[in-house]
Each structure stands twice: as C-alpha cells, then as structure tokens.
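Atoms within each ligand, like the ligands themselves, are counted from 1 in listed order.
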Amino acid sequence: MTSPTHEPSTVESNDDDLTTTGPAETTEESGPTFADLGIDARVLAALETIGYEKPSPIQEATIPLLLAGRDVVGLAQTGTGKTAAFAVPALSRLAELADLNGPSASTKVLVLAPTRELALQVAEAFSSYAVNLEDFTVLPVYGGSSYGPQLSGLRRGAQVVVGTPGRVIDHLKRGSLTFDDLQYVVLDEADEMLRMGFAEDVETILSQTPTEKQVALFSATMPPAIRKIAQQYLRDPEEVTVKGKTTTAKNIRQRFLQVMGPHKLEAMTRLLEVEEHDGIIVFVRTKAATEEVAEKLRARGHAAAAINGDIPQQLREKTVDQLREGKIDILVATDVAARGLDVERISLVVNYDIPHDTESYVHRIGRTGRAGRDGDAVLFMTPREKYLLRAIERTTRQPVEQMPMPTVEDVNATRRQAFAQGITDAIEGEDLSFFRGLVEDYVAEHDVDPAEIAAALAVISQDGRPFLAEELPELPKRKDRERRRQDGDGERGGRGRAPRSEEGKATYWMAVGHKNRAAPGAIVGALTNEGGLNGSDIGAIEIRPSFTLIGLPDDLSRDDLQRLREIKINGQRLDIRLDRGPNSGGAGRPRGGGYGDRPPRAGRGPKGKQSFHRNDGGDRRKSRPKKNY
Ligand code: ADP
Ligand code: MG
C-alpha cells in the first residue's frame, strides 16, 4: 500500500512550460511507444488502427505493471486515457490465454463502472481495442433496461463483463453471472462509484470473487474510502499517480465552439474568414487526420501543411521553418509532432479534435501566446464531448467561453469590410497617379460615372470568383432534427439513399418503424446485443412509420444477415435486407413512388428527412457493443 508514487518521466521532463520564450524547444519525441510496453500484437495493431500515437502517461505507467500481473491503483484526471490503461493489458492477456488454452467464453474480466453511460463507453472501448481478437465478446450490463438481452448475452458467454454494481449483483443472485473463471477485476471511476453510494455493493461483489485474481482500481481522486477498499481488496498494489500540468497562460483567450464532426471543416473555414490570424496550429487526434485536414484546407485556398509522427524529423523541421517564415500559415499536427513547438507568429491554436487530457490541452494552447504576445485558442467540441471540456475547465480553473458558429452573414460582412479596407489601404499607401490618369482618360472618352468604372475594376479583380459566400452547407440545429424526428415521417424526394452513406457502409432496410415503436436505442441495442454487431458497425438510422433505413457494414455475410433478419423488436421481425432504393419494389417493401409511407411531393428536398447519426450527441442511448467473431 505504501509503494512509491510513480511519476512517469514524460510528464515532467519533456514537457515545456508555457512561458518559455527562449530558443526553439525540442520537437523530438520521447517516452515509450505502445510497442515498447509489451502489448499483444493484435491489440497493438488495433491501437494503430484507431490512431493513438503514443501511450498517455497513465497508460505508460500502468500497462506494464498490469501485464506483469501486479495489482494497481491508478490515479489520473478525467480524460487521461484510463480506460485503455486497464483494457489494453486485459485484452493482451485474454489473447495470450486463448492462444494457450483455446477459445473459452467464460467471464474472465469484470469491470465495475458507476453509470450505464460509463459502462457502455468502457464496453465500446474494449470492442475497439479487440477488433483483431477472435471469439471475443464484451457485454455491458446495467440497470434500467430489460434483463432479456443481458441474460441471453450472458448465456452465450462474454469474456468481459462491464457492469454497474447493482445490476452485477442482480445477475450474481440469479446465477446468470458466475465468477468461477474470473481473473481480473477493474474498479473504474472508483471515486464516482463511491460517491453514488455503491461502496457496499462493490464490497459485496469483490467478496464473491476468487482469491486468486488481479485487481485494478482507477480513479480521478483518492478519498479515504477508496484507500480503504484498496487496502482490503488489492494485493500489494503499485500506486501510480499522474499529475498533470494544469495551468494555462493568462494571455491566451480560450473559447469553444460546439460543432458536429462533419461540420468541423466548415467551422474551421468560417473561423479563418471572420478572424484575422497570423500563424495557426490545428490539432487533430490521428496522423491520418493531419493529412486529411491539411489537404482540405489547401483545397479551400489556405497555405496548410501536415506534421505527424510518421513524417521524418528533418521534413517536420522544414515544415515548421516554413510556418516560421510565413510560407505556410496553418500547421495541422498531432500532439506528438507539435511537442514543444515554439513559433512566435502562432496567434491561434485550434483544437479541431478535443485533446484526450487536460495536460495535452494546456500543452497545445501553450503553442500560442509566445514571447509575451496574446494568443487565441479555440476548441471544437461535439455535444458528447462536453464532459471533457468540463474536466479541462475544472483542472485549469479557467472558464472556456462559448463562441457561436460564424454565420454566412458574418463571413460576408468580413468580406465587405476587407474590400473597403483594401481600397482605403491603396488610396493611402500607393501611388495611384498612373492609374488615375488611365481612369480619367476613360471617363473623358466614354462619359461614364467613375463608380461604374470602379465596379468594373472590382469585377476584373475578382477574376470570376464569387464575392459573397452563399452556398455554405446548412448546419442543422439539434432542435430542428428533433422536431423532424417528432414530426413522424418526413418523406423525401425519390432520389438518393436515406442515411448519408459512410465509408464501408451500405444502407439496409428493416421491417420495423415508428408503428412498432422502434426507437433508435432499441434498434442499436438489438443489433449489438442479439445481432452480434459492434457499436461502430452501425451508421445513420432513419426511422419511418413502417420501416427503417440503417447504415451497416457493406460486407455483411449471408450468415450475419440471416441472423439479423430473425431479430425482433416489439414482436416484429426485422427482416433486414440491403436497401435498393425507393423504387426497387423488392419483396416486402412498398411499391410505387417514394418509400410509400406517403406519396412523395414534388420538389421536396432533403429537409423533410429525419435522419441522424448515432454519435451526434442526441439523447439517444448509446450502442451496446458486443462481438461474436
Ligand atoms: P478517462 O477514463 O481517464 O477519463 P478515457 O479512457 O475515457 O479517459 O479517454 C479519453 C479519450 O482519450 C478517449 O476518447 C480515448 O479514446 C482517448 N485516448 C485514450 N488513450 C489515448 C492515446 N494514447 N492517444 C490518443 N487518444 C487516447
Ligand atoms: Mg474513465
């Protein structure tokens, strides 16, 4: 219990402080990579696919300990990556165990989490790290939902069960959950769990687990009650505390902009139009995103370049020099690539993807406001990331003010202003005599109003580009989406697939709709719990009165489809099939124009459609990922 407090070196040594004004700091990466930590190759590959560049400090410290079989107490703030810190070693060991003993569906890992929401999140994370494991199942169990799917899930067997304490106890009592084969127990968000009054339940559960097991306890804080549990139920645990650097400089103005993922690029473009900035750093979460966002910004006329950990150091330095010299204005970077970057002219930091911990946030925004200058930091936040923002505000003890999405009117007002300013600058700063002579000659010859000539010259200078922005894509408000959903059926024009097509996904048709009271949560739940799909397999869902269109992987096998077809929601078989559009008239689907719930109205645009994305922050229930490979 009194093991030394462990502070991974990356936290302190390689971090720079925010007030540094000296010469360029190192951009060298340091600290171990995931590959250095001894993780199973299949899990490692999944992390690579997800795009995590390097372990966070808590991961770096606890993963090796947990892989070595130690009990661990991990203390780190919200958003520091604690889930992977316990899930990655758990999966590594499960994978290796399966190699040794062959597949087995008994429950070997139990994670206790305080709320349904957190249990789902943890289960989702497990699924994403386990994509390359065969015969792997994670099952979330929580109160407030029916027992049926959870019972059948448990009957089929799940190596990992993630549950809220109350519901886990219920299943233990019913005998649907057994700990005969249990090897690893995680108490996640332990402080929260105790705050919610689960202390007794947690102890009841722990007392029923086998003596020979490994226990990990993760928490943001360490109140005495948790220390007591650790003392009683953990065996000689190693205590790891990651203290983040959590002060932000006062000369940096911090704002956040709430935006859905697909609208981030538009938000970025508008921001660049309405505000004047010098050098800009845009932070994204993955290496692939650096290239993608830089490319899109270039396509919109900005001088942008990407830097990430895959780009050789020399090239990265060259790119940073270009930013310094003003040859490029925007650098799109990952945390690792921009570590310690010190470029005075950076006046804006955009957190295009929200950072995964407060420390990264502090580090990121510290790239601006250098050398005593003022800086701006803007954070793009999707609605479901609000908790991360709150964590940032809590730990930096500074509010981040909300900024509205710049409107088309804002953009155009800026353009008018810039137009006027350009004229003023030229009148004040340039020698106009030569051109003035030409214009006077023209007036004398053609007898036209000089304003007419000025307008003609403006047209020439625009060179065919539209002056005013007008075709900015509509940014639907959440309220509108909800209203559309409530309206019931919002038909649409006869063309096009309903849920916007996503990569690797196709649109499928299902025989349940509003009249079967098929809610998005029920559909997602059925497909994941009973259909064996992964949460991430499910794309856009569009529920209509008598049927539903849903985005699912375009490579579902015949067996998958067969299984999904038989699932019932409120007694109605899904009868799922590949959607072939409104006029296909396939068996079981309505014939005639449109999708048949209502005759299509001419000229009805996509406005009437009621589709939404699962991850758009609506208040729907999240997926319950479960896999059966
Ligand atoms: P915590 O439990 O500490 O509050 P989470 O485990 O929920 O934090 O992680 C917060 C976010 O950070 C998640 O979106 C997760 O995918 C992301 N994340 C975790 N580890 C890494 C990493 N090594 N690199 C990048 N992102 C990460
Ligand atoms: Mg957590």
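Under the side chain to side chain contact (heavy atoms under 4.5 Å, CB included) rule, Asn351 has a single partner from Val349, Ile354, Asp353, which is Val349.
Not one N or O of Glu53 is nearer than 3.5 Å to an N or O of ligand 1, by distance alone. Considering both main-chain and side-chain atoms, Gly81 comes within under 3.5 Å of ligand 1 through a nitrogen or oxygen pair. Note: an N/O pair closer than 3.5 Å links Tyr52 and ligand 1 by distance alone.
Residue Glu200 places its CD atom among 12 or fewer non-hydrogen atoms of other residues, nucleotides or ligands, all under 6.0 Å distant. For Glu401, the CD atom counts as densely surrounded, since its 6.0 Å shell holds more than 12 non-hydrogen atoms of other residues, nucleotides or ligands. The number of heavy atoms from other shown groups lying within 6.0 Å of CD (Glu48) does not exceed 12.
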Checklist entry - Would Val350 and Leu379 satisfy side-chain contact (heavy atoms from CB on, under 4.5 Å), going step by step from the backbone distance to the final call? => result CA-CA 6 Å; Val350 177; Leu379 170 74; over 6 Å; no
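Distances below 4.0 Å separate heavy atoms of Arg285 from the following atoms of ligand 1: 14 (O). For ligand 1 and Lys54, the ligand atoms under 4.0 Å from any heavy atom of the residue are 22 (C), 23 (N), 24 (N). Atoms of ligand 1 found under 4.0 Å from any heavy atom of Glu189, numbered from 1 in the order shown, are 2 (O). Every atom of ligand 1 is numbered from 1 in the order shown, and the set under 4.0 Å from a heavy atom of Phe34 is 23 (N). In the vicinity of Thr83, heavy-atom distances shorter than 4.0 Å reach the ligand 1 atoms 2 (O), 5 (P), 6 (O), 7 (O).
In summary, Glu189 places an N/O/S atom under 2.8 Å from the Mg ion (ligand 2), meeting the contact criterion.
No side-chain N or O of Asp40 forms a donor-acceptor pair with one of Ser92 less than 3.5 Å apart. Side-chain contact of Ser127 with Glu124: a donor-acceptor pair under 3.5 Å is absent, judged by distance alone.
Assignment of Ser56 to the shell around ligand 1 is supported, since a heavy atom sits closer than 4.0 Å.
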